[in-house]
Amino acid sequence: MCSGSCNGEFRGSRNSEHLLCVQVLLAVSGGPSSCSMLSQVQEGVSQNAHKKLRFFPGIVYIDEGGALGQCKEMRQKTTSELCDMFRSTGFPFYILPLEQVLDLPGSVLTPSPPSDQPGSVYKAAVDLFLQSGDSSSDGKAEEQECVSLPAVQESHTRLLQQLIGSAQTLTAKQDLLNTFRQHLLVHTARTRGYSKLMQGDSCTRLAVKLLTSISLGRGAQLAQDTGFSDCRYGGVTVVRPMREYSAKEIAYYNHMFKVPSVVIPNLDTKMPDKASIQRLTQNFVTKLQADFHSTVSTIYRTGEKLQTAGRGSSAAEDAERCVLCVCGLDTAAEEASALQATLISEQLSQSSVKPEPPANVGQCCSSERPCGGAEGTGDCCRSSRDHEATDLRSLLCYSCRRTVRDMSSVDCLPQYVLSVAQRRQNRSAMKEQISEFLLDDADENN
Amino acid sequence: MPVLCSSCSEKRAVLKRPKTGHSLCKACFFWAFEEEVHQTIVAAKLFRPGETVGIAASGGKDSTVLAHVMKLLNERHGYGLELMLISVDEGITGYRDDSLETVKRNQQQYELPLKIVSYEELYGWTMDAIVKQVGLKNNCTFCGVFRRQALDRGAIMLKVDKICTGHNADDVAETVLMNILRGDIARLRRCTAISTASEGDGVVPRCKPLKYAYEKEIVLYAYFKKLDYFSTECIYSPNAYRGYARTFLKDLESIRPSSIMDIIHSGENLSVREGVKMPVQGTCSRCGYISSQALCKSCVLLEGLNRGLPKLGIGKHHRLHEKILSQQPLTEHEQRKLKSVDF
């Protein structure tokens, strides 16, 4: 496995048209897979590369120490190690604390229109590239923003911990952490002008992610969660170039080419096997792979054959996207579906009134109409907190609903999520009031 | 301080529902369970009035509860169905002959006609004999393939319009997981369907009324209703690949009880990319049963057994179909490959 062929595979896997002459943000977590990706990009854009990669990379690292309850010194230490690593690459880099997610604007949950149309500005981009006299090392020194961990307010860290702590199960905690990390990454990419976000998920990790997603109820969103490119955020496309390498291959590569990486703990580090669904799935896949060597690649190939179900495409309206994961909603409780069966079970176990099968599941009663008691979702309006929780549920996809159900209070969610939710509810109420007068929904997409 | 039933709020709760976590009294639980099955049947339009329905009965908990609930709902809601029991005797000593006794008792208790079909009369092989030749690793493949055809043959002999099986939510979720692990995209697409399509002669459409019932709830129901069932694991099954998926599912359930329904939800919402090659349904050239290849799987397996080549049928064997059909002898090299079996 020589460096040349490895890098060749790396370039090939990226579906080259995607990435020519654009700004690409590399999301590096410090782990072996993302550091390997960084090293290969570095190799690829260097002057003497055989087939030079032609894009402008930047690096971003999100420090999650606040959510894990790490002390300031620990966070500083990790950050400065990574700072040195990034500085040696010569690319611009950004180190952000996860606490910044609390200050995000609501626009992060709305897919922005793609800023560069591939065909039309391609020539202009190539010209620009040629003029800039070839990227990397020399010119970039002054552009590096080496910020050692920006001062994080205690209060922010506390809020973040409250947010993560409001989830009662580790599964929900991890899910929330992943969601908010992704939001922050996308926001960073957008505001700094990057149109692509590269993540270093390996084949092994994606196989685990696929099984985890199935177990969490994310079957409809599988293609976006584990595919090569994920367009749910509109202007910023998430790509996963490392998806064809297994964890073992990456380990060999890193060892042979002395790629540095930093060990950073996670929420489920040192936790027992059944602490969370994510942890359980990882153990399961790893053990099964030991006995049946084709497990990971088979799961991966299965995932490749799937696509995003119907309405989840990038053309879906705002109102049809989940407020947390920004994927299309999969909660139309059709006749004879698992979702409908679950709702019926909940109803039958609670109220003493003989229920009708729920006609329209997505909506709870709005605050203006009186609640119909056993109608609708059956748990409407018992208290204002229940009301809020139910209202938010109608804006979430199936698996985000499960996650939020594990939270003790939805008020801990960051402001941007709650305000976007409020706005969508208002619009939905408005639409309902005027529904008989609307001719078509053509202008919803504005 | 006794916990009150969350449904009627009058009686003391005697159990906690695995599916939703609510505490219920016996009567409310029975009612909820039966009502859910009824809603499933109605929403999925599983039956039409006047149809004859064969209940696949093995004597185990799922089929016993299924028979009980189907009879009850048929009377309570007036489905207008004629119910019968169909049972398959695979010829497993110490397991199947005991469970068949349970089925015969069920027949008397529910006063339903019963038909038993056996592998011996259909194929000339019992599972005991098959395991002697094949070993303990791939025997479940033989049993499953033969049973499917056996059920259909029994149904045709009884002239039923539909078959219903006792597959529960855990089974469906396990199947979804297994198909992902095996990379079987064609089955993955079909496995969450509640009923099969009804084309082809020799094939009777089948459905799963218990599709959304948790296995634990089925056991709870049978326990409290004091239903008589046979509860031993098949003696030949410990090494089946499905066991991995099952253990994983059990662990998932212990972390988050709703995962079973979550997996079924995922399975129902999967969408296959266009251009992925899918098998096309045709018929077997030898026996006329439905098949996506020239020869159906059970013909291939039988051929392997009869020729003393146990591995024929396990693994890829499309190229040998022509040879088998035309009764040509296989080359020595092929024979050697197909004979070796690891016990």
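Using a 4.5 Å cut-off between heavy atoms, Leu170(A) makes no contact with chain B at all. Looking at Glu268(B), only its side chain comes within 4.5 Å of chain A, counting heavy atoms on both sides. Contact annotation for Glu304(A): only backbone heavy atoms (N, CA, C, O) come within less than 4.5 Å of a heavy atom of chain B. Looking at Ile277(A), both its backbone and its side chain come within 4.5 Å of chain B, counting heavy atoms on both sides. Using a 4.5 Å cut-off between heavy atoms, Ile255(B) touches chain A through its side chain atoms alone. The part of Phe292(A) that comes within reach of chain B is its side chain, from C-beta onward, which places non-hydrogen atoms under 4.5 angstrom from that chain. Using a 4.5 Å cut-off between heavy atoms, Ser294(A) does not touch chain B at all. In this structure, chain B has no heavy atom under 4.5 Å from any part of Asn283(A). For chain A, the nearby part of Tyr241(B) is the side chain; its heavy atoms alone come within less than 4.5 Å. Proximity to chain A is limited to the side chain of Ser254(B), based on heavy atoms less than 4.5 angstrom apart. For Tyr212(B), the part lying near chain A is the side chain, with the backbone staying farther off; criterion is any non-hydrogen pair under 4.5 Å. Neither the backbone nor the side chain of Ser297(A) comes within contact range of chain B, judged by heavy atoms closer than 4.5 Å. Contact annotation for Leu252(B): both backbone and side-chain heavy atoms come within less than 4.5 Å of a heavy atom of chain A. The contact between Arg182(B) and chain A is made entirely by backbone atoms, counting heavy-atom distances below 4.5 Å. Interface remark: Leu177(B) contributes side-chain atoms only to the contact with chain A (heavy atom separation under 4.5 Å).
Contact check for Thr226(A) versus Leu306(A): no side-chain heavy atoms found under the 4.5 Å cut-off. Side-chain atoms of Ile41(B) and Met70(B), non-hydrogen and from C-beta on, do get closer than 4.5 Å to each other. Counting heavy atoms from C-beta on, the side chains of Cys400(A) and Arg218(A) come closer than 4.5 Å. The shortest side-chain heavy-atom distance between Asp230(A) and Arg240(A) falls under the 4.5 Å cut-off.
Aromatic ring pairs are classed by plane angle as parallel below 30°, tilted from 30° to 60° and perpendicular above 60°; the pair His68(B) and Tyr221(B) is perpendicular. Using cut-offs of 30° and 60° for the angle between ring planes, the Phe284(A) and Phe248(B) rings count as parallel. Taking the six-membered ring where tryptophan is involved, the planes of Phe47(B) and Tyr79(B) are tilted, since the angle between them lies from 30° to 60°.
A pairwise comparison of heavy atoms in His38(B) and Leu73(B) identifies N-CD1, 3.8 Å as the closest pair.
Taking chain B as the reference chain and counting heavy-atom pairs below 4.5 Å, the highest number among Arg402(A), Lys287(A), Arg301(A) is found for Arg402(A). Listed options Cys5(B), Ala32(B), Gly21(B), Cys28(B) were ranked by heavy-atom pairs under 4.5 angstrom with chain A; first place goes to Ala32(B). Counting heavy-atom pairs closer than 4.5 Å to chain B, the top-ranked of the candidates Ser345(A), Ala207(A), Ala336(A), Gly217(A) is Ser345(A). Taking chain A as the reference chain and counting heavy-atom pairs below 4.5 Å, the highest number among Ala173(B), Ser259(B), Ser258(B), Ala44(B) is found for Ser258(B). Between chain A and the residues Thr192(B), Ile194(B), Asn179(B), Leu181(B), the largest count of heavy-atom pairs under 4.5 Å involves Leu181(B). Note on Ser337(A), Ser213(A), Ala341(A), Gly303(A): by heavy-atom pairs under 4.5 Å with chain B, the leading option is Ser337(A). In terms of non-hydrogen atom pairs under 4.5 Å with chain A, the most contact-rich of Ile185(B), Ile264(B), Leu188(B) is Ile185(B). Interface remark: of the candidates Arg189(B), Lys211(B), Arg17(B), Arg256(B), Arg256(B) forms the most heavy-atom pairs closer than 4.5 Å to chain A. Considering only heavy-atom pairs separated by less than 4.5 Å from chain B, the leading option among Ile214(A), Asp273(A), Val296(A), Thr298(A) is Ile214(A).
A salt bridge links Lys162(B) to Glu51(B): at least one charged side-chain nitrogen sits closer than 4.0 Å to a carboxylate oxygen. Salt-bridge annotation for Lys173(A) and Asp406(A): absent, with no side-chain N of the basic residue lying under 4.0 Å from a carboxylate O of the acidic one. Remark: Lys61(B) engages Glu215(B) in a salt bridge, criterion side-chain N to carboxylate O under 4.0 Å. Remark: Arg242(B) does not engage Asp171(B) in a salt bridge, criterion side-chain N to carboxylate O under 4.0 Å.
Note that SG of Cys325(A) and OH of Tyr398(A) are 14.0 Å apart. Values are rounded to the nearest 0.5 Å.
The number of heavy atoms from other shown groups lying within 6.0 Å of NZ (Lys16(B)) does not exceed 12.
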